[in-house]
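The structure appears below as structure tokens.
Scope of the values below: all heavy atoms of this structure, side chains included, with no hydrogens, waters or symmetry mates. Throughout, numbering of the chain's residues begins at 1 and tracks the sequence.
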Amino acid sequence: HHVVRSVGNRSARGRSRADLSQQNTRFPRGLVIMTAENPLIGQSIVGRMLYVGVEPGDILPAAGSSTDEKLTYLQNKAQQGLLAQAMKLYLQYIAENWERIAKEYPVLVDKAAQSARQVGNLQTRLPDAYAVLAAGQELALRCFEDMQLISWKDAEEIIQENNQALLGLIQNQAEQVAA
């Protein structure tokens, strides 16, 4: 509860040095991914996080299903080191294009947050959670598009599909907060 509340509020715990002088406050500026057997409850907590439920069959589906083939395919790519290589390329791209990305990213976040707010009756933090995830995935896909590893058309299709899935998540979350 403490981690979710602190990150959700973007607040930090003040700390003092041994001589009781105030240390610099370090505010959370990352993305917390956590697992739990049972979801956290309470309107305040639920409103500060984006809950992604994983049900039986979501990760390890029934044998022979198309999802099983996708999972096996991705596991094989991971074993070959291709997913790690993709992350390495992405991080290098960000480092090499930092000045441009530092200007573009906040614009992408604002644009995504505005589109999420148009969806309707959402708790105020949910469009922000959506915006960070939507902007991040768009930035990653644009990176691979710039490297000519994916076509513009494929990148657009993936972005639209992922954004719809993310909007579904935040709408579900809004219903949980309301409940």
Side-chain angles (χ1 to χ4, degrees), residues 1-55 58-59 74-75 78-79 81-117 121-144 146-147 162-163 165-167 169-179:
H1 285 263
H2 179 73
V3 170
V4 170
R5 196 175 305 280
S6 294
V7 173
N9 290 342
R10 293 185 180 95
S11 65
R13 190 174 93 187
R15 297 195 178 261
S16 299
R17 294 183 185 90
D19 65 0
L20 299 180
S21 62
Q22 187 70 27
Q23 287 186 4
N24 289 338
T25 303
R26 295 191 175 116
F27 294 97
R29 43 182 197 146
L31 174 67
V32 175
I33 300 174
M34 57 195 300
T35 62
E37 288 292 320
N38 296 311
L40 299 174
I41 56 172
Q43 181 179 3
S44 178
I45 292 293
V46 174
R48 286 175 170 78
M49 62 183 210
L50 183 59
Y51 174 75
V52 180
V54 179
E55 301 298 328
D58 288 350
I59 304 295
L74 287 172
Q75 287 172 330
Q79 288 295 321
L82 295 178
L83 300 181
Q85 185 180 5
M87 180 58 82
K88 176 185 170 188
L89 288 172
Y90 178 58
L91 293 174
Q92 286 175 336
Y93 176 85
I94 289 175
E96 292 167 4
N97 297 282
W98 182 252
E99 287 185 27
R100 177 178 57 84
I101 290 170
K103 293 175 187 170
E104 287 177 7
Y105 182 73
V107 173
L108 289 173
V109 170
D110 287 343
K111 179 181 143 192
Q114 287 175 4
S115 74
R117 284 187 179 94
N121 190 19
L122 297 175
Q123 192 267 352
T124 57
R125 293 180 180 166
L126 291 174
D128 295 335
Y130 165 83
V132 169
L133 293 171
Q137 65 109 19
E138 183 168 343
L139 186 61
L141 287 166
R142 296 291 174 229
C143 156
F144 295 123
D146 286 353
M147 293 178 179
N162 288 348
N163 285 348
L166 288 171
L167 283 172
L169 277 175
I170 66 168
Q171 287 172 322
N172 183 37
Q173 186 82 11
E175 291 169 10
Q176 288 181 11
V177 170

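- Annotation for Tyr90 and Ala140: closest pair CE1-CA, 3.4 Å, computed over non-hydrogen atoms.
- A 4.5 Å side-chain heavy-atom check between Tyr130 and Leu169 finds every atom pair outside the cut-off.
- Considering every non-hydrogen atom in both Leu139 and Ile101, the closest pair reads CD2-CG2, 3.8 Å.
- Residue-environment remark: CE (Met87) stays at or below the threshold of 12 foreign heavy atoms within 6.0 Å.
- Among all heavy-atom pairs drawn from Ala134 and Leu166, the shortest one is N-CD1, 3.9 Å.
- Contact annotation: the side chain of Phe144 never approaches that of Tyr93 to less than 4.5 Å [non-hydrogen atoms, C-beta and beyond].
- Contact detail for Gly136 and Tyr105: the closest heavy-atom pair is N-CE1, 4.0 Å.
- For the atom pair Leu133 CG and Glu138 CD, the distance stands at 13.0 Å (nearest 0.5 Å).
- Between atom CD of residue Gln79 and atom CG of residue Leu74 there is a gap of 12.0 Å, rounded to the nearest 0.5 Å.
- In this structure, NZ in Lys88 is found 5.0 Å from CD in Gln92, a value given to the nearest 0.5 Å.
- Taking both residues in full, the closest heavy atoms of Ala131 and Ala112 are given as CA-CB, 3.7 Å, listed atom of the first, atom of the second, then distance.
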Verdict with supporting geometry, Arg117 and Asp128, side-chain contact (heavy atoms from CB on, under 4.5 Å): CA-CA 9 Å; Arg117 284 187 179 94; Asp128 295 335; 2.8 Å; yes
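- In this structure, Glu175 has no salt bridge (charged side-chain N to carboxylate O under 4.0 Å, His left out) partners at least two apart in sequence or on a different chain.
- Between the CZ atom in Arg142 and the CG atom in Leu108 there is a gap of 8.5 Å [rounded to 0.5 Å].
- What you find for Met147 and Leu89 is that their closest heavy atoms are CE-O, 3.4 Å.
- When the side chain to side chain donor-acceptor pair (under 3.5 Å) test is applied to Asn162, the partners found at least two apart in sequence or on another chain are Gln137.
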